[in-house]
Amino acid sequence: MWPWDQGRLEYFQFDVLRQIAAYVEAHNFKAADRASLSAETGLSFAPLDYKPWRNYSRVLKLTLLVSEVGEDAQPTPIASILSRPGAVTCDEYLHFLLCAFTEPAPALTDWRPDAEFRYPLLFALKYLLAKSVITTSPVAGLDEIIGAYRTSGFDGSEDEEQFISVVSLSSSYEASGRSVPADLRRQARESLKVITQISYLHVRSNQIIVSLNPADAQEIFADLAPISGPRAVDREAEIRRLAELFKGGSTSIVFDYLNTVIGEVVESGFQEGSKVKKTHITIERNAGLRREYFAANPTAICDVCAPNTKRTYPWTNRILDVHHLLPLSSGTRVEGGSTTFKDLVAVCPSCHRAIHRYYDMWLDTNDRKDFKSGDEAQAVYREMKSHFPGLIL
Ligand SMILES: [Zn+2]
Ligand SMILES: [Zn+2]
């Protein structure tokens, strides 16, 4: 079973990684003290008694943000790309990372250049996509995926037909996954939660739910391939080699599913349809996430203009969109066992358009492609709300 880092889910959030990336670009993380790191990123980097490097170097290496060169934590090209707002979307980055992540991993101790490499996270995504091709409401348990990886012996490079045959035997996998030693199982589960930040996935009580139609699932599957090539001589050089491949744009992944929402980009009030904005819309259109949001928050009241849409339009259940508050290129936020709803608000379609017009205007004025962080996006949303004059009747 593949090892990962433990208890650091918060630090693997894409929005947080962007802030850490900006930090490692400007400072030597290996020498970083907790106070300045916390001040710049807003995270605790606990405990107090160690240098952050001791507890967080695995996060930085697993995410390909730094490689260690002597006394330096050297930022990789990925750190430089992530630190620029809007330069890359969460989807692009995570698809690359999961195609690059190997068991054994260079970020962890048992790596050797001549090892037999398997791609557990690539396996996991292909498993989920294969399920989406053959079932209408694709869901897979975290333990089921772990068990399937274990039972199949697949390395992740197998084709759709092979994956579909594995998926059709899925009933036995959960038990197999559950019998993995607790410590390793916890680590594998956390790594799976990290990838559910992808716009078309979300996680709920240890299950991953996919919101894609079969044709889109098939297209994404076809674009996925392990990132291999001649391995470097040591672990740190291997991290740099992998990160360089991202810089070169060598990832062949084409996000065709984004094309399915192009029309909606304009519909939602965005003035132009950049890839970054389309990702935002993909999250908002995630059918499973939307269903669960309204099941947990059964409101019919718009967060901006506040009328009860059920009362205004009594023949409807609710006429509301979910708006994703995080920066446009962020993924969905994951905490513990679930995707959180904290970054979603329910708004009526008119207000939703107006929000995006406001975002566009704000970004334009500040000469930006995207917000720097979730906090900044939330502040702009609040600013927009403060300008709402109340309904003019
Ligand atoms: Zn409204
Ligand atoms: Zn929105």
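Atoms within a ligand are numbered from 1 in the order they appear, just like the ligands themselves.
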Practice task
Check whether the ring centres of Tyr11 and Phe45 lie less than 6.0 Å apart, and answer yes or no.
Solution key: yes
Practice task
Using a cut-off of strictly less than 2.8 Å, determine whether His352 has an N/O/S atom near the Zn ion (ligand 1).
Solution key: no
Problem - the Zn ion (ligand 2) to His280: nearest N/O/S atom name - result: NE2
Problem - Distance under 6.0 Å and angle within 45° of ring axis: Arg54 vs Tyr50 - result: yes
Fill in the blank from the handout: The OE2(Glu284)-the Zn ion (ligand 2)-NE2(His356) angle, to 10°, is 150°
Practice task
Take Asp375 and Ser373, measure what side-chain hydrogen bond (donor to acceptor under 3.5 Å, both in side chains) needs, and give me the verdict at the end.
Solution key: CA-CA 5 Å; Asp375 288 346; Ser373 64; 5.0 Å; no
Exercise for the section: Determine, using ring centers only, whether His323 and Tyr359 are less than 6.0 Å apart. Expected result: yes
Problem - Shortest-distance N/O/S atom, His323 versus the Zn ion (ligand 2) - result: ND1
Practice task
Tell me whether the centres of the aromatic rings in Phe12 and Trp4 are closer together than 6.0 Å.
Solution key: yes
Exercise for the section: Rounded to the nearest 10 degrees, what's the angle SG of Cys351 makes with SG of Cys348 at the Zn ion (ligand 1)? Could you check? Expected result: 100°
